[in-house]
Undergrad: 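Handing you this structure, nothing more for now.
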Amino acid sequence: MKLPAWMARVNRLFLATVIVPTLLAAIYFGLIASDIYVSESRFMVRSPQKPIQAGVLGSLLQSSGIARALDDQYSVHDYIISRDALKELNDEFGLVKKFSSKDIDFANRFAALDWDASFEALLKYYRRRVTAELDSKSSISVLTVSAFTAEDARKINERLLAMSERLVNEMSERSRRDIVLFAAYDVLAAEKKAKDAAMGVAAF
């Protein structure tokens, strides 16, 4: 029995949009795709507060520590996916070589056909493998690293945490220096006011 023309078209459409893509996906994920391992860490940034402008809102934020902590947390996020962090990781672990391995399937391999093996291309690829996000409910950052061996994922994650801690320590040290500097300015201003007051009393 010959099918009507519209049913034949429907069958061809169903074959092209459902059967073939499903079959290709099953072949790729079942036989070709490389195993991907994910390492996840959670951390929170706490740092000394810098003096901020006076005012009701400023005082509330300073007393709660909210503004300072979130600012530093976002700074760490930006650093994790930055060129500087990638360069340090690449120098230490050889990410280009690891992510260009022939053991990795074509779709997931970096510079699979050597179309673009530049540092900018590596940065885009790196940002697919590494993410840093903030859980708005708990204010805890979630660092996720995916790689093609469990050891690589763990090592990169641990190294990023160490690098982030170093950054936070540097920012904290700068904050402490700023606090001391602000305090010194306050002392000088208070001394000047006291001298001016003493001279005014003497003149009176």
Undergrad: Would you say that Val130 contacts Leu143 through its side chain, given a criterion of any heavy-atom pair below 4.5 Å between the two side chains?
TA: yes
Undergrad: Should we say atom CD of Glu158 is surrounded by more than 12 heavy atoms from elsewhere, each under 6.0 Å from it?
TA: yes
Undergrad: May I ask you to test the Leu86-Leu95 pair for a side-chain heavy-atom distance under 4.5 Å?
TA: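 Yes; the side chains approach each other to less than 4.5 Å.
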Undergrad: Please give me the minimum heavy-atom distance between Leu89 and Arg159, naming the atom from each residue.
TA: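 Heavy atoms of Leu89 and Arg159 come nearest at CD2-CG, 3.6 Å.
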Undergrad: Mind checking whether Asn157 and Arg154 have side chains closer than 4.5 Å, heavy atoms only?
TA: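 No - every pair of side-chain heavy atoms lies 4.5 Å or more apart.
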Undergrad: Are the side chain of Asn90 and the backbone of Val96 linked by a donor-acceptor contact shorter than 3.5 Å?
TA: yes
Undergrad: Restricting to salt bridge (charged side-chain N to carboxylate O under 4.0 Å, His left out), what partner residues turn up for Arg127, sequence neighbours left out?
TA: none
Undergrad: Lys98 and Ile104: which non-hydrogen atoms are nearest, and at how many Å?
TA: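 Looking at all heavy atoms of both residues, the closest pair is O-CD1, 3.3 Å.
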Undergrad: Does some side-chain heavy atom of Ile140 sit less than 4.5 Å from a side-chain heavy atom of Phe43?
TA: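 No, side chains not in contact.
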Undergrad: Considering all heavy atoms of both residues, which atom of Ser75 and which atom of Met171 are nearest to each other, and what is their separation?
TA: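 Result for this residue pair: CB-SD, 4.1 Å.
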Undergrad: Considering all heavy atoms of both residues, which atom of Ser41 and which atom of Leu161 are nearest to each other, and what is their separation?
TA: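 It is OG-CD1, 3.5 Å.
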Undergrad: Which heavy atom of Val38 sits nearest a heavy atom of Ser146, and at what distance?
TA: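 Smallest interatomic distance, heavy atoms only, reads CG2-CB, 4.1 Å.
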Undergrad: Measure the CD-CG distance between Glu88 and Leu160 for me, rounded to the nearest 0.5 Å.
TA: 9.0 Å
Undergrad: For Ser82 and Asp84, run side chain to side chain donor-acceptor pair (under 3.5 Å): C-alpha distance rounded to whole Å, both residues' side-chain angles, the deciding distance at 0.1 Å, then the answer.
TA: CA-CA 5 Å; Ser82 70; Asp84 292 336; 5.0 Å; no
Undergrad: Kindly indicate whether the side chain of Ile156, heavy atoms from C-beta on, has any atom under 4.5 Å from the side chain of Ser39.
TA: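 No - every pair of side-chain heavy atoms lies 4.5 Å or more apart.
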Undergrad: Please list all pairs passing the ring-ring contact (aromatic ring centres under 6.0 Å, His included) test where one or both residues lie in residues 117-141, with sequence neighbours left out.
TA: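 Qualifying pairs, neighbours excluded: Phe99-Tyr125, Phe110-Tyr125.
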Undergrad: Using modelled atom types and a 3.5 Å cut-off, is there a donor and acceptor pairing between side-chain atoms of Asp152 and backbone atoms of Ala147?
TA: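 No: the side chain of Asp152 does not pair with the backbone of Ala147.
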Undergrad: Judged by atom type as modelled, is there a donor-acceptor pair below 3.5 Å linking the side chain of Gln73 to the main-chain atoms of Val45?
TA: yes
